[in-house]
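Written below as structure tokens is the structure these notes are about.
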Amino acid sequence: MRLDDYDNDINVGEAQGGGGFGGGGGGLLFGLLPLIGSRFGCGGIVVVLIILAVLGMNPLGLLTGGGSSNAPVTRTAGSSEGGNVRQVCEASPERRETCQAFSNAQNTWEKIFAESGQRFSPPGLRFFTGSGQSGCGAAQAAMGPFYCPTDSSIYLDTSFFDELANRFGAKGDFARYYVVAHEFGHHIQNLLGTSDQVRRAQQAAGQAEGNALSVRLELQADCYAGVWAARNRDRLEPGDVQEGMTAAQAIGDDTLQREASGRVVPDSFTHGTSEQRMRWLRRGIETGDPAQCNTFSGAI
């Protein structure tokens with residue numbers, strides 16, 4: 001995929017602090033909760049969530065990617081928490097590429113919001129290496145990228161892209177851009193109030209129902225990633241869409257559970273099956289319309 005250089009006014013910085021174990025909604029760790037549940041049962045999941053709470057995190061908010069943003073819905077400029085944009089983005093080729101994808105997603109969604117007369121507030125992008133601190137608590141590389149609704153920022157250790165290619169077999173630049181676009185999708189849900197609605201519904205639901213709501217939230221973020229790609233269709237290159245589909249297939253709950261334990265436990269799904277993730281990503285790519293990403297109505 002051909003992307004322009006990043007804008008100099010994107011909100012980019014280094015995550016502060018270090019150490020710890022935890023993170024925010026959409027992270028790889030919570031994609032692995034079904035694996036924990038399939039092997040150790042509900043008790044294993046409960047233990048993990050208790051540990052997160054002890055470490056100062058809100059497990060429910062992280063599971064949903066939820067929580068409403070109190071930030072004004074206007075565009076702000078400038079980086080924060082760690083140097084200027086170019087210093088942060090030029091620290092490595094992987095960071096530069098991530099900044100380009102992030103900047104493009106920001107410009108794309110700002111235009112989409114303008115089309116419907118809505119004001120847009122961009123998220124932040126915070127890099128960390130190994131560990132760091134987010135508004136949702138501690139962050140660790142093993143979690144993968146995640147979105148924190150508390151400070152409206154995406155947190156990412158670029159070592160995840162090596163794992164994506166080598167462990168999950170999802171190679172290519174578009175596979176990496178899909179990851180960024182998916183987390184950006186969680187920010188869109190935060191701005192629209194969807195995440196907060198899901199969080200409230202989960203508080204009143206049982207575990208299986210809460211997991212099912214999480215699946216719908218994650219699939220919508222996949223669809224939003226597809227919308228971003230569709231709005232940049234002229235930048236796509238041969239093989240890009242397939243790279244995205246390969247990534248979506250590799251991180252489906254059923255595929256991860258089957259590889260980890262040989263068992264598939266649908267009630268423990270939190271992100272959706274491989275088929276569902278590919279289908280909703282494809283819907284976004286084919287329609288380019290956020291209104292077609294309503295995963296909360298009807299079958300998924």
Side-chain angles (χ1 to χ4, degrees), residues 1 3-16 23-27 61 65-91 95-128 132 134-136 139 145-156 158 176-196 217 220-232 235 284 288 290 293:
M1 188 175 187
L3 294 180
D4 295 331
D5 200 4
Y6 51 84
D7 293 338
N8 288 324
D9 67 345
I10 56 175
N11 187 346
V12 166
E14 303 280 355
Q16 297 300 297
S68 59
S69 172
N70 294 321
V73 187
T74 55
R75 178 162 182 161
T76 57
S79 67
S80 63
E81 299 188 25
N84 62 50
V85 171
R86 193 153 297 278
Q87 286 178 327
V88 175
C89 292
E90 296 297 329
R95 286 194 177 193
R96 177 181 177 84
E97 182 183 63
T98 302
C99 287
Q100 290 173 325
F102 176 84
S103 181
N104 184 280
Q106 176 171 307
N107 291 332
T108 299
W109 280 106
E110 186 172 33
K111 292 176 183 176
I112 292 174
F113 270 53
E115 290 172 2
S116 58
Q118 296 174 295
R119 292 183 299 168
F120 175 76
S121 177
L125 173 61
R126 302 288 177 259
F127 290 104
F128 66 95
S134 78
C136 295
F146 65 90
Y147 174 73
C148 174
T150 303
D151 59 12
S152 301
S153 292
I154 296 169
Y155 286 80
L156 186 146
T158 57
R176 298 187 291 273
Y177 300 157
Y178 157 61
V179 171
V180 177
H182 173 92
E183 299 306 332
F184 211 104
H186 284 305
H187 179 65
I188 301 306
Q189 293 169 325
N190 198 33
L191 292 180
L192 297 177
T194 308
S195 300
D196 198 43
L217 195 73
Q220 186 177 64
D222 281 334
C223 187
Y224 284 160
V227 169
W228 163 76
R231 295 300 184 105
N232 292 276
R235 298 175 179 272
C293 295

Can you tell me if Ser134 uses its side chain to pair, donor with acceptor, with the backbone of Ala139 under 3.5 Å?
-> no
Side chain to side chain contact (heavy atoms under 4.5 Å, CB included) with Cys223: which residues, sequence neighbours excluded?
-> Trp280, Arg283, Cys293
Is Gln16 reaching over with its side chain to a backbone N or O of Glu14, donor-acceptor style, under 3.5 angstrom?
-> yes
Value rounded to 0.5 Å, distance of CD in Gln118 from CG in Leu192 = 6.0 Å
Any donor-acceptor N/O pair, Asn84 side chain to Arg86 backbone, under 3.5 Å = yes
Reference residue Ile112; test side-chain contact (heavy atoms from CB on, under 4.5 Å); the match among Ile188, Val227, Asn107 = Val227
Among all residues two or more places apart in sequence or in another chain, which pass the side chain to side chain contact (heavy atoms under 4.5 Å, CB included) test with Ser153?
-> Arg126, Asp151, Tyr155
Side chains of Thr98 and Arg176: does their closest heavy-atom pair fall under 4.5 Å?
-> no
From Ser121 atom OG to Gln106 atom CD, the distance as rounded to the nearest 0.5 Å = 9.0 Å
Contacts of Trp109 meeting side-chain hydrogen bond (donor to acceptor under 3.5 Å, both in side chains) (sequence neighbours excluded), chain-then-number -> none
Can you see which heavy atom on Arg235 is nearest to which on Asn104, and at what distance?
-> NE-ND2, 3.8 Å
Given Gln189, His187, Glu183, the one that forms side chain to side chain donor-acceptor pair (under 3.5 Å) with Tyr147 = His187
What about Phe184 and Tyr224, are their ring centers closer than 6.0 Å?
-> no
